[in-house]
Amino acid sequence: MTDQPAPDTTDVTARPNVARMYDYFLGGSNNFAADRAAAERVLEIFPGTGLAAQTNRHFLRRAVRYAAGQGVHQFLDIGAGLPTQGTVHEVVRAVAPDARVVYVDYDEVAVAYARRLLTDVPGTAVVQGDLRRPDDLLARPQVRATLDLDRPVAVLLLAVLHFVPDDDDPWGAVARLRDATVPGSHLVLSHLTLDGVPPEVAERGQAVYRASSAPLVPRTHAETLRFFDGYDLVEPGLVETTRWRPDAEPEAGDAHGYAGVGVRR
């Protein structure tokens with residue numbers, strides 16, 4: 001890996017960032033004091049948030065292996081966040097050594113760190129992009145150079161859509177990504193829900209995120225299911241994250257999330 005200067009964090013350390021808060025929940029070190037303070041407030045309200053983050057990573061690994069087993073060897077990971085142990089290319093290349101992966105994030109610090117870590121990893125690219133502008137994202141030269149959109153692609157949207165408000169039409173953005181891929185492509189999705197959580201508790205948690213880089217928009221099962229329009233859900237469907245094809249990885253507690261994999265018709 002070549003030596004590159006660390007990203008300039010002068011202007012981004014004061015406000016909590018959801019990608020770096022997630023890194024903290026996972027036990028990572030790529031976060032700042034403001035991120036840690038906000039994350040600790042979330043943990044006071046939802047003590048199981050760290051477990052939920054780990055559960056989401058477990059689902060990612062299971063779903064990526066599943067897609068690779070179905071012959072999909074191209075992955076577009078949108079909202080990838082900061083690189084952590086068990087990243088997509090590491091997981092999938094144990095199954096498909098020729099797999100190609102594009103990591104996308106909106107946060108400039110996450111992108112800068114990912115580029116440093118993946119400089120010497122062939123078949124990968126890191127792009128700063130916005131899920132809400134899928135056409136711009138898909139037109140990026142790095143995306144086109146790494147992925148062949150005439151072949152099936154697995155679009156990964158892990159714990160990212162719940163940071164996109166309804167007014168930004170996340171369903172429309174996912175539909176554009178669907179239409180840009182060929183039949184047989186996969187959608188791998190996980191989404192926060194606060195179904196069953198007392199409203200006053202949910203409001204306290206959402207208030208923390210309103211002071212961060214993105215609001216928190218939990219959705220119901222029916223609202224989350226809409227993202228799979230145009231896809232055939234694979235068994236067991238859209239279920240609690242821990243219930244999607246569990247394997248030997250330990251899971252405990254309520255992940256407060258739904259997860260599913262769909263195949264484009």
Side-chain angles (χ1 to χ4, degrees), residues 19 56-106 110-111 114-115 117-161 170 172-191 227-235 244-245 259-265:
N56 191 66
R57 296 299 297 182
H58 294 172
F59 164 69
L60 169 64
R61 290 193 282 269
R62 298 195 303 271
V64 164
R65 287 194 295 263
Y66 172 83
Q70 300 301 304
V72 179
H73 294 176
Q74 302 187 103
F75 295 81
L76 180 61
D77 187 359
I78 302 176
L82 289 152
T84 59
Q85 186 176 8
T87 53
V88 173
H89 71 276
E90 292 172 336
V91 173
V92 73
R93 285 180 178 171
V95 181
D98 63 337
R100 305 179 72 80
V101 182
V102 174
Y103 296 99
V104 181
D105 205 274
Y106 182 73
V111 170
R115 283 176 175 160
L117 292 172
L118 299 177
T119 296
D120 296 328
V121 181
T124 66
V126 181
V127 175
Q128 185 172 10
D130 193 333
L131 167 61
R132 297 168 296 182
R133 297 177 177 82
D135 293 326
D136 291 346
L137 170 59
L138 293 170
R140 297 292 180 86
Q142 305 100 309
V143 175
R144 293 289 179 169
T146 307
L147 304 179
D148 179 359
L149 297 182
D150 292 325
R151 296 171 50 228
V153 176
V155 176
L156 312 181
L157 295 170
L158 278 294
V160 61
L161 286 164
V174 174
R176 287 294 303 127
L177 292 166
R178 177 200 65 212
D179 293 345
T181 60
V182 300
S185 294
H186 284 45
L187 174 64
V188 176
L189 183 150
S190 66
H191 198 295
F227 290 115
F228 287 96
D229 287 353
Y231 291 89
D232 293 321
L233 277 168
V234 304
E235 291 294 334
W244 198 89
R245 301 190 176 220
V261 175
V263 181
R264 190 199 186 297
R265 301 186 191 116

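- Rounding to the nearest 0.5 angstrom, the gap separating the CG atom in Leu117 from the OG1 atom in Thr87 is 9.0 Å.
- Here the OG1-CZ distance, from Thr181 to Arg176, works out to 10.0 Å after rounding to the nearest 0.5 Å.
- Here the rule is side-chain contact (heavy atoms from CB on, under 4.5 Å) with Thr146, and of Thr124, Val126, Val102 only Val102 fits it.
- Gly184 and Val72 get closest at one heavy-atom pair: O-CG2, 3.9 Å.
- Within the 3.5 Å criterion, the main-chain N or O of Val104 finds no donor-acceptor partner in the side chain of Gln128.
- A donor-acceptor pair under 3.5 Å is absent between the side-chain atoms of Asp105 and the main chain of Val111, judged by distance alone.
- Not a single donor-acceptor pair under 3.5 Å links the side chain of Arg100 to the backbone N or O of Phe75.
- Nearest heavy-atom pair, Pro183 versus Pro152, reported as atom, atom and distance to 0.1 Å: O-CG, 4.2 Å.
- The closest side-chain heavy-atom distance from Leu149 to Val153 is below 4.5 Å.
- Within the model, atoms CG of Leu157 and CD1 of Ile78 stand 5.0 Å from one another, a figure rounded to the nearest 0.5 Å.
- Looking only at distances, no side-chain donor or acceptor of Arg178 sits under 3.5 Å from a matching main-chain atom of Arg265.
- Between Ala159 and Asn56, the closest heavy-atom pair is CB-ND2, 3.7 Å.
- Side-chain contact between His186 and Gln70 is present, with at least one heavy-atom pair separated by less than 4.5 Å.
- At least one side-chain heavy atom of Gln74 sits under 4.5 Å from a side-chain heavy atom of Asp148.
- For the side-chain contact (heavy atoms from CB on, under 4.5 Å) with Pro134, the lone residue among Val174, Asp179, Leu177 that qualifies is Leu177.
- No donor-acceptor pair closer than 3.5 Å links the side chain of Arg140 to the backbone N or O of Val127.
- For the residue pair Pro122 and Asp120, the shortest heavy atom distance occurs at CD-O, 3.3 Å.
- The neighbour count for Tyr106 OH, taken as heavy atoms of other residues, nucleotides or ligands under 6.0 Å away, does not exceed 12.
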Evaluate side-chain contact (heavy atoms from CB on, under 4.5 Å) for Asp130 paired with Asp136, printing each intermediate quantity in order. CA-CA 8 Å; Asp130 193 333; Asp136 291 346; over 6 Å; no
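- Leu76 contributes atom CG, which lies 6.0 Å from atom CG of Leu147 (distance to the nearest 0.5 angstrom).
- Using bins of under 30°, 30° to 60° and over 60° for the plane-to-plane angle, the ring pair Trp244/Tyr66 lands in the perpendicular bin.
- Here CZ of Arg61 is found 10.0 Å from CD of Glu90. Values are rounded to the nearest 0.5 Å.
- Among all heavy-atom pairs drawn from Leu137 and Gly129, the shortest one is CD1-CA, 4.4 Å.
- Remark: the Tyr103 side chain and the His89 side chain contain an N/O donor-acceptor pair separated by less than 3.5 Å.
- When each of Val263, Val261, Leu187, Leu189 is tested with Tyr231 by the rule side-chain contact (heavy atoms from CB on, under 4.5 Å), just one qualifies, namely Leu187.
- Minimum heavy-atom separation, Val91 to Arg65: CG1-CG, 3.8 Å.
- Of the possible donor and acceptor atoms, none in the side chain of Ser190 sits under 3.5 Å from a partner among the backbone N and O of Ala259.
- Side-chain contact between Leu156 and Val64: present, with at least one pair of heavy atoms (C-beta onward) separated by less than 4.5 Å.
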